[in-house]
There are 2 protein chains.
Amino acid sequence: MSVRNIFYRSIKSRGLRLTAQRKAVIDCLVASKKPLSAEDIYLHVQRRGLGINLATVYRTLDTLVESGLAERVGMELHRAYYTLCRGRKHLHHFFCKGCGNSYDLPHCPVKERTTEDLIPEAFTVTSHRYEVYGYCGKCSS
Amino acid sequence: MSVRNIFYRSIKSRGLRLTAQRKAVIDCLVASKKPLSAEDIYLHVQRRGLGINLATVYRTLDTLVESGLAERVGMELHRAYYTLCRGRKHLHHFFCKGCGNSYDLPHCPVKERTTEDLIPEAFTVTSHRYEVYGYCGKCSS
DNA sequence: GAGTAAATGCGAATAATTTGCAAAAGGCGG
DNA sequence: CCGCCTTTTGCAAATTATTCGCATTTACTC
Ligand SMILES: [Mn+2]
Ligand SMILES: [Mn+2]
Ligand SMILES: [Zn+2]
Ligand SMILES: [Zn+2]
């Protein structure tokens with residue numbers, strides 16, 4: 001079964017309706033190698049000839065995030081980007097300030113700790129961000 | 001020399017003018033134990049009787065960040081928070097999505113690891129960002 | 001195929017942040 | 001201390017991403 005269909009089924013298994021717009025947004029994200037903004041998705045879908053409203057894109061993305069199927073990332077410049085959660089693993093990255101490439105980090109600081117250890121009181125953790133910046137081997141010299 | 005004066009001097013040494021507004025924003029951030037939003041700063045300054053415009057607060061914060069004197073953090077909450085870069089020690093924070101408060105995290109994932117362990121190759125690490133989001137005790141229930 | 005609740009489209013509303021421009025103020029030399 | 005020049009500020013309006021209300025359409029169940 002294709003990745004796409006796995007997401008389609010996840011939508012239905014949560015009691016949500018599998019609409020043409022939701023399919024289009026998922027297809028877009030499945031096809032993309034990098035996180036996309038709501039507007040990116042809106043334009044991609046339009047280009048494929050399917051009509052979709054920007055508000056619907058936003059609502060669909062919210063739905064995906066709330067369902068645990070997607071993640072919001074890269075809010076650095078006052079704009080959210082979205083990426084599908086494939087499998088169960090999310091990644092953290094090293095960003096090279098020289099060449100702009102990014103590399104996966106081999107660990108997640110949150111997974112390695114218990115919540116009590118991490119936060120003094122009984123807080124609820126919903127997400128986290130961990131990014132390392134610097135220069136890769138090529139750009140260090 | 002006080003922390004405050006160190007920042008005042010840093011402003012001047014960069015050829016920037018030390019205005020009453022810039023002093024007020026710096027004082028505010030020096031006095032605060034947690035990152036502040038532009039509006040937080042605007043209100044604090046007003047309360048001290050000094051007039052300041054919100055646009056000026058934003059411009060001052062931009063200036064501080066561009067000069068390497070401050071850092072923008074906590075952007076997942078659809079709003080930027082600012083914290084001064086003090087000496088060489090930095091902190092990481094837990095941001096409550098309910099009330100907007102933030103709390104210091106007791107550990108830094110980078111300090112706890114060697115560079116080789118952290119990054120596969122011989123990369124140079126210059127900075128990092130680590131933030132946890134969720135709900136504090138009051139906002140969890 | 002009809003009924004019903006959920007989802008969409010549309011336009012208007014928000015909220016944070018930015019910008020243009022005239023007026024005010026910092027820091028320099030005198 | 002004075003004036004000059006440039007930077008910075010205040011103000012109001014603009015921008016931008018995102019959200020909302022509501023009428024209409026659609027997916028799914030029976
Ligand atoms: Mn992680
Ligand atoms: Mn750290
Ligand atoms: Zn590089
Ligand atoms: Zn809270």
Side-chain angles (χ1 to χ4, degrees), chain A residues 5 7-28 35-46 48-67 69-82, chain B residues 5 7-28 35-43 45-46 48-67 69-70 72-82 95 97 99-100:
Chain A
N5 283 322
F7 282 99
Y8 288 2
R9 296 215 173 174
S10 300
I11 288 288
K12 302 205 73 174
S13 73
R14 269 157 245 257
L16 299 166
R17 292 183 183 177
L18 189 53
T19 65
Q21 292 86 343
R22 283 175 176 168
K23 282 183 187 171
V25 170
I26 288 171
D27 290 355
C28 223
L36 300 175
S37 70
E39 199 179 10
D40 288 340
I41 293 168
Y42 171 70
L43 294 172
H44 281 200
V45 173
Q46 297 281 32
R48 285 191 202 166
L50 302 170
I52 192 170
N53 189 273
L54 187 54
T56 301
V57 174
Y58 276 107
R59 280 186 286 229
T60 300
L61 290 170
D62 283 350
T63 301
L64 290 172
V65 171
E66 278 159 26
S67 307
L69 300 175
E71 202 178 356
R72 314 180 99 181
V73 298
M75 315 262 301
E76 301 307 270
L77 253 167
H78 300 138
R79 162 180 262 150
Y81 291 81
Y82 298 82
Chain B
N5 282 323
F7 282 99
Y8 287 1
R9 296 216 172 173
S10 301
I11 289 288
K12 300 206 73 173
S13 74
R14 269 155 247 255
L16 298 167
R17 293 184 182 176
L18 189 53
T19 65
Q21 292 85 343
R22 282 175 177 166
K23 282 182 187 172
V25 170
I26 289 171
D27 290 355
C28 223
L36 300 176
S37 70
E39 200 180 7
D40 289 339
I41 293 169
Y42 171 71
L43 294 173
V45 174
Q46 297 280 31
R48 286 192 203 167
L50 301 169
I52 192 169
N53 190 272
L54 187 55
T56 301
V57 174
Y58 276 108
R59 281 186 287 228
T60 299
L61 290 169
D62 282 351
T63 301
L64 289 173
V65 171
E66 278 160 25
S67 307
L69 300 176
R72 315 178 98 185
V73 299
M75 255 96 64
E76 316 274 326
L77 303 180
H78 298 133
R79 154 181 274 175
Y81 291 81
Y82 298 82
F95 295 90
K97 299 200 276 188
C99 59

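Heavy-atom basis, side chains included; hydrogens, waters and symmetry copies ignored. In what follows, chains are A, B, ... by sequence order, proteins preceding strands, each numbered from 1. Small disclaimer: the values here were computed from a predicted structure and weren't measured.
- Each of A/T19, A/I26, A/T60 was checked for a side chain to side chain contact (heavy atoms under 4.5 Å, CB included) with A/I11, and the lone residue meeting it is A/I26.
- Residue A/K23 is out of contact with every strand shown, counting any heavy-atom pair closer than 4.0 Å.
- Note: CG (B/N53) to P (C/dG20) measures 16 Å, nearest angstrom.
- For C/dG9, one of the phosphate oxygens OP1 or OP2 lies less than 4.0 angstrom from a side-chain nitrogen or oxygen of A/Q21.
- Between A/I41 atom CD1 and A/Q46 atom CD the span is 12.5 Å, to the nearest 0.5 Å.
- Atom CD in B/Q46 sits roughly 14 Å away from atom C1' in D/dC11 (whole-Å rounding).
- Per the geometry, CZ belonging to A/R59 stands 8 Å off C1' belonging to C/dG9, to the nearest Å.
- At the heavy-atom level, A/A20 lies nowhere under 4.0 Å from the strands shown.
- Nearer to the 5' terminus of DNA chain D, by closest-nucleotide assignment, is the contact made by A/R72 (compared with the other of A/R72 and A/T19).
- As rounded to whole Å, 16 Å separates atom C1' of D/dC11 from atom OH of B/Y58.
- B/R22 places its CZ atom 11 Å from the P atom of D/dT7, with the value rounded to the nearest Å.
- For the OP1/OP2 pair of C/dG27 and a distance below 4.0 Å, the side-chain nitrogens and oxygens of B/R17 include no atom meeting the criterion.
- B/L50 places its CG atom 13 Å from the P atom of D/dT9, with the value rounded to the nearest Å.
- The rotation axes computed at either terminus of the helix from C/dG1-D/dC30 to C/dG30-D/dC1 lie 40° apart, taking five pairs at each end and rounding to 10 degrees.
- One interatomic measurement links the two molecules: OH of A/Y42 to P of C/dC10, which rounds to 9 Å at whole-angstrom precision.
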